[in-house]
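In what follows, a structure is listed as structure tokens, so that the remarks can point back to it.
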Amino acid sequence: MFLIGERINGMFTSVAEAIKNKDEKFIQDLAVKQTECGAHCLDIALGPAIKKDADKIMAWMVEKVCEVTSVPLSIDNPHAGIIEAGLSVCKNPAIINSASLEEERFNGLTELALKYSASLIVLAMNEEGVPQAVEDKSAMGLEIIARCAEKGLDTDKIYIDPILLPVSAAQDQIKVTLDTLKELQLISDPAPKTIVGLSNISQQAKNRKIINRTFLTMAMYAGLSAAIVDPLDTDLMKTVKTAELLLNNEVYYQDFLSGFKEKV
Amino acid sequence: MALSGLDIYKLLPKTNCKECGVNTCMAFAMKVAAKKAQLSGCPYVSEEGKADFSKTRENQIKQVRFGPGSGVLTGGEKVLYRHEEAFYNKPVISVEVSCKEDINARVKKLLGIKLNILNKEETIDALTVNGEDSSLEDFKKCIEIIYSHKRLPLILKMNREDILDYVIKNLPDDKPLICFDNEDINSYIEKIKESKLPVAAFSEKALQLFIDNGVEDIVIAFTGNYKELDSARKLALKYKKNDLAYPVFVEVHDYLDCASYICRYASIINLPYAEPEFLLSLFNLRDNIYQDPRKPIQVEAKLYEIGNVDASSPVVITTNFSLTYFAVSSEVEASRIPAYLLIVDTGGTSVLSAWASDKINAGKINKALKESGIENKVSHRKMILPGYIYPVKEELDEVSGWESLIGPKEAKDLGLYLKSIQSKV
Amino acid sequence: MNNLELLKENNFPVAEVKFGKDKAIGGEKYFPFLNYDNEKCTKPLVAMEVFDRRYDNMPQALKSSIGEDTASDPVKWAEACEKEYGADAMLIRLLSLLEEGEEDKSLETVKRIKEAVNIPLIIWGAGSRKDTEVLTRAAQLLGGNNILIGPVNQNNVKLMAESSVNNDHGLIIETPLDINIAKQIALSLNNSGVDLNKMVIYPTSGSIGYGFEYAYSISERIRLAGFSGDKYLSLPLISMPGEVVWGLRETNEENPDWGDINKRAYIWEAVTALSYILSGSDIVVVRHPETVKVLKKKIDELSGG
């Protein structure tokens, strides 16, 4: 399971403060902490509040994080221009978060992916919205892979996001997402990579953490390759490790939880 | 292997005509991949496309059978490492004889090699007859001599048309493997195809020719080294290069080469000569590598009598793993001391394995002891435990009322041990 | 992508463990002789073993080769292994510890062997209650020369870890054909301060015909787990055919169906040893001089010279 740490996001007040005050140490400490907790990649997001000089701020954040870690970075923003600002200064391997099948977004971001040799997360949705049936979602997954291939982007550069909805609002869609993940494995050989933004499932819900980690184990069984998560949630990280052993992805050993600090 | 969604999509017209009942070709492709629809639901797939789809076989090396009667089966492998599933068809071991020599004595000797491997008798599986540049007469004579001893699977090396014709006409029921190494293979392809005999391809060109002409039973005559054979197998199984998914015929110079190809991937191995001195090792290695790892080999868990036992005979305890049983029982036999052998059911695991996974413990040994009826057969109450499980003594003695003696760790020391305690009695 | 490109794998390399004055084992990214990145092949080492006392009940085939005389004197035997038989390394099996009160004598013998040979050393217990005590004392005596000491099992992890950290030597983890135990012991050692590049795994060897396939597959599984990034299993492997093949009927008994025993016996050892090498062994430990000869020749051939 490829884990992308979600904490460097202007949505969090502490991060928004740090951005406002140009507190690079805070950002860098948060980057290091997430990798120490087991994140394989770090998401960098400004948050919706930043409107002015967003490109410069993105570049600054990416630069600062590259100074303290060599893990890949996920450049997270709705606008291609701001994403490019981050990509252009990123010394580490990069993932673009995210494109969709909406024409302009797809064309613009696939071009950026090619230009910067970045990987690309593509949401399984288009101008008509998010499909609700497993068959339509998996057909969209095939469309993503086929059209990326036409553009020259190899399958192993793509992460298909079947779009995880909150259980509080779309409870029936959770199982649909799990079944979709299973079918997405059939698109190609080897199967394409898949990803979800885990926290989405518990939006507006109580007991968010247990919802998150329970879904993640189900998704791992369905073939999920990557997830955007909170690596500082130790229970979640322990659950991922346990699930890997249960799925025979890693050799079992007695002290398999010995690598986890109790409190972060 | 089954085609992926992408592969299926490539066979479709991409018009989204909906005649298949699905909105888009992409959705239809995924449905077929998920086995929720049949490819025939689309009226616009080309004949070639349909053929491609039906040709996809399980990802494995082709199975080829050769030899008289049920012959030998080669190929059929699906995995690169035996623990992923199993290796199925043991490599055929063949020895080469030449038509230009007087082979009678040699063949008699070779076919007379009978080795007892894990309670089964094994012999050389096939002979490779080298008829290259020999006359038809000599070739015929050679086959006759071999058949006068045994009608066994043959691998026939030849480069002349008259010999090829003879084989096709006279030996079809014996299904020999044809190794026709001729530059001009093109001219013979029809003949070879019609014969329906299994054939070895000596070059990429020949292989392609056989495939294109629909020859079914193809074996690749491999001339590379250990690393090259590994790469061919990896390309076939891991990277799905179907052109390489055929059994492989390898020629070796020595027994160590043969061992390396038993471990990795040869289907037929040709030795220039054979001696029991090394065949013994090679047959054992082959049996081990091709043992199905999912099935532990085990003997029945019960009380065995070795020799003329009586009320004072020692009682030896061990597990029901076949090899453990054979090792221990043969040691007892060799010692000439009659003894009872109580086999405890550990699911076919060895002493060490059973000990590590708690398949052998005081409770299990005691149960086996009481259920075996040994207490009515011997007047003493001493049992000999395998050395490795010595920690079980205290609990076992208490619960069984017997005295356990700590035997040696290795079966090979059991003979001496039995002698030493006998002298004390 | 052409075929050769396809075969290159992004494997996590096996830890490199220093061994002796100037050798190292491990570091590879592929199974032996299958280096698809075409970097130079690491050659497995062919080690011989001697005991810390005379070889009692020496099998006929070894008698006719090494000779009872040589095998009655550990130092002479060790010297022959290095100078006459070409062993790459030497394992000293402390069999005398199976008897009471032999600890000091055993250590003395180990010291004398160390002084007599230049090849890297492995000191190996006998499965006696005195093993750990003597092994750690030997480590004190010889430490700092990149020697390997074992077995380490779940009962003596702490003491062996301490010894390794204090005396700077490598450790060989013994596991009864159990991949989970091997990983757990490596983790325990690591948590006790031993670096991963100081560990080797001994999965326990079986002879061909006698459970060989278990050890063979465990080795392959350990190797594959290591290549996929499991650092506690990405350790060099050692196998000991010499320990398990010389007590069998096939290597001891005269039998007209089986051919000349003097040939048959070392061939049995050589076939077992080569097969272990192919499953990933970085060191094989054998007893017959002819085995060493044929193995080293074959290793040279397979690694392209």
Side-chain angles (χ1 to χ4, degrees), chain B residues 81-83 113-118 225-227 230-232 234-235 238-239 241 244 254-260 262-264 275-285 287-291 293 321 323-324 326-327 330-331 334 350 352-353 355-357 387-388 409-413 416, chain C residues 3-4 6-7 31 33-36 57 127 175-178 181 204 206-214 216-218 220-221 224 243-244 246-250 252-253 255-265 267-272 274-275 277-279 294-295 297-298 301-302 304:
Chain B
Y81 303 99
R82 58 184 293 277
H83 64 263
I113 298 178
K114 292 183 172 54
L115 299 172
N116 192 311
I117 311 290
L118 295 173
N225 60 23
Y226 169 78
K227 182 175 168 185
D230 179 84
S231 43
K234 281 204 171 91
L235 288 168
K238 193 169 172 185
Y239 299 104
K241 304 278 180 194
L244 291 169
D254 61 43
Y255 63 87
L256 281 182
D257 280 339
C258 187
S260 70
I262 288 173
C263 292
R264 295 227 166 85
E275 303 174 334
E277 283 87 347
F278 63 72
L279 277 183
L280 185 66
S281 298
L282 295 177
F283 285 164
N284 272 281
L285 175 67
D287 273 20
N288 286 164
I289 298 285
Y290 280 76
Q291 175 68 25
F321 175 43
L323 301 178
T324 304
F326 290 133
S330 63
E331 279 306 313
S350 67
L352 267 183
S353 221
W355 180 236
S357 53
Y388 279 114
K409 282 188 178 153
E410 302 297 324
K412 67 176 164 49
D413 300 319
L416 269 176
Chain C
N3 287 345
L4 289 174
L6 274 178
L7 291 164
F31 279 96
F33 320 122
L34 299 177
N35 50 321
Y36 289 111
N57 302 313
T175 167
L177 298 173
D178 188 320
I181 290 179
T204 304
S207 164
I208 52 173
Y210 293 84
F212 163 80
E213 69 270 28
Y214 295 89
Y216 180 85
S217 285
I218 288 283
E220 289 197 312
R221 286 177 61 200
L224 288 168
E243 183 186 8
V244 292
W246 291 104
L248 308 170
R249 292 185 300 163
E250 288 84 350
N252 281 278
E253 272 176 31
N255 183 327
D257 288 341
W258 291 350
D260 172 13
I261 190 171
N262 289 312
K263 235 179 133 183
R264 175 213 327 154
I267 289 178
W268 186 274
E269 187 179 53
V271 168
T272 304
L274 179 68
S275 306
I277 287 174
L278 299 181
S279 72
V294 301
L295 276 182
K297 183 158 174 266
K298 190 53 68 178
E301 261 175 54
L302 286 167

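Note on naming: letters A, B, ... go to the chains in the order of the sequence lines (proteins, then strands), and numbering restarts at 1 for each one.
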Drop me the distance from [X]'s [atom1] to [Y]'s [atom2], to the nearest 0.5 angstrom.
X: Arg264(C); Y: Leu279(B); atom1: CZ; atom2: CG; result: 12.5 Å
X: Phe212(C); Y: Asp287(B); atom1: CZ; atom2: CG; result: 12.5 Å
X: Ile289(B); Y: Ser279(C); atom1: CD1; atom2: OG; result: 8.0 Å

Using a cut-off of under 4.5 Å on heavy-atom pairs, state which of [options] scores highest against chain B.
options: Gly127(C), Gly247(C), Ala265(C), Ala270(C); result: Gly247(C)
options: Asp178(C), Asp260(C), Thr272(C); result: Asp260(C)
options: Leu248(C), Leu224(C), Leu295(C), Val244(C); result: Leu224(C)

Got a sec, which residues hit side chain to side chain donor-acceptor pair (under 3.5 Å) with Lys238(B), two or more places apart in sequence or on another chain?
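Side chain to side chain donor-acceptor pair (under 3.5 Å) list for Lys238(B), sorted by chain: Glu9(C).
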With a 4.0 Å cut-off on N to O distance, would you call Glu243(C) and Lys409(B) a salt bridge?
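Answer for the salt bridge query: no.
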When [options] are compared by non-hydrogen pairs under 4.5 Å with chain C, the top option:
options: Ser260(B), Ala327(B), Ser357(B); value: Ser260(B)
options: Tyr255(B), Phe278(B), Trp355(B); value: Tyr255(B)
options: Cys263(B), Ala259(B), Cys258(B); value: Cys263(B)

What are the two closest heavy atoms between [X] and [Y], and how far apart are they?
X: Ala356(B); Y: Pro176(C); result: CB-CG, 3.9 Å
X: Leu115(B); Y: Asp257(C); result: CD2-O, 3.4 Å
X: Leu256(B); Y: Val294(C); result: CD1-O, 3.8 Å

Apply the test side-chain contact (heavy atoms from CB on, under 4.5 Å) to residues Ser231(B) and Asn3(C): give CA-CA distance (whole Å), side-chain angles for both, the deciding distance (0.1 Å), then the verdict.
CA-CA 9 Å; Ser231(B) 43; Asn3(C) 287 345; over 6 Å; no
Test Leu416(B) against Asn57(C) for side-chain contact (heavy atoms from CB on, under 4.5 Å), laying out the working first.
CA-CA 11 Å; Leu416(B) 269 176; Asn57(C) 302 313; 4.1 Å; yes
Check: Arg82(B) side chain, Tyr216(C) main-chain N or O, donor-acceptor pair, under 3.5 Å
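Side chain of Arg82(B) to backbone of Tyr216(C): no pair is present.
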Please tell me if the side chains of [X] and [Y] come closer than 4.5 Å, counting only heavy atoms from C-beta onward.
X: Lys298(C); Y: Asp257(B); result: yes
X: Tyr36(C); Y: Lys227(B); result: yes
X: Leu352(B); Y: Leu177(C); result: no
X: Ser281(B); Y: Trp268(C); result: yes

Could you tell me which portion of [X] (side chain, backbone, both or neither) has an atom closer than 4.5 angstrom to a non-hydrogen atom of chain C?
X: Asp230(B); value: both
X: Glu275(B); value: side chain
X: Ile113(B); value: neither

Could you check whether Arg264(B) makes a cation-pi contact with Phe33(C), meaning its NZ or CZ is under 6.0 Å from the centre of the six-membered ring and within 45° of the ring axis?
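So Arg264(B) doesn't make the cation-pi contact.
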Tyr239(B): partners by ring pair (Phe, Tyr, Trp, His ring centres under 6.0 Å), with sequence neighbours left out
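Per chain and number, Tyr239(B) pairs via ring pair (Phe, Tyr, Trp, His ring centres under 6.0 Å) with no residue.
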Under 4.5 Å from any heavy atom of chain B - which part of [X]:
X: Ile261(C); result: neither
X: Thr204(C); result: side chain
X: Leu274(C); result: side chain
X: Asn255(C); result: neither

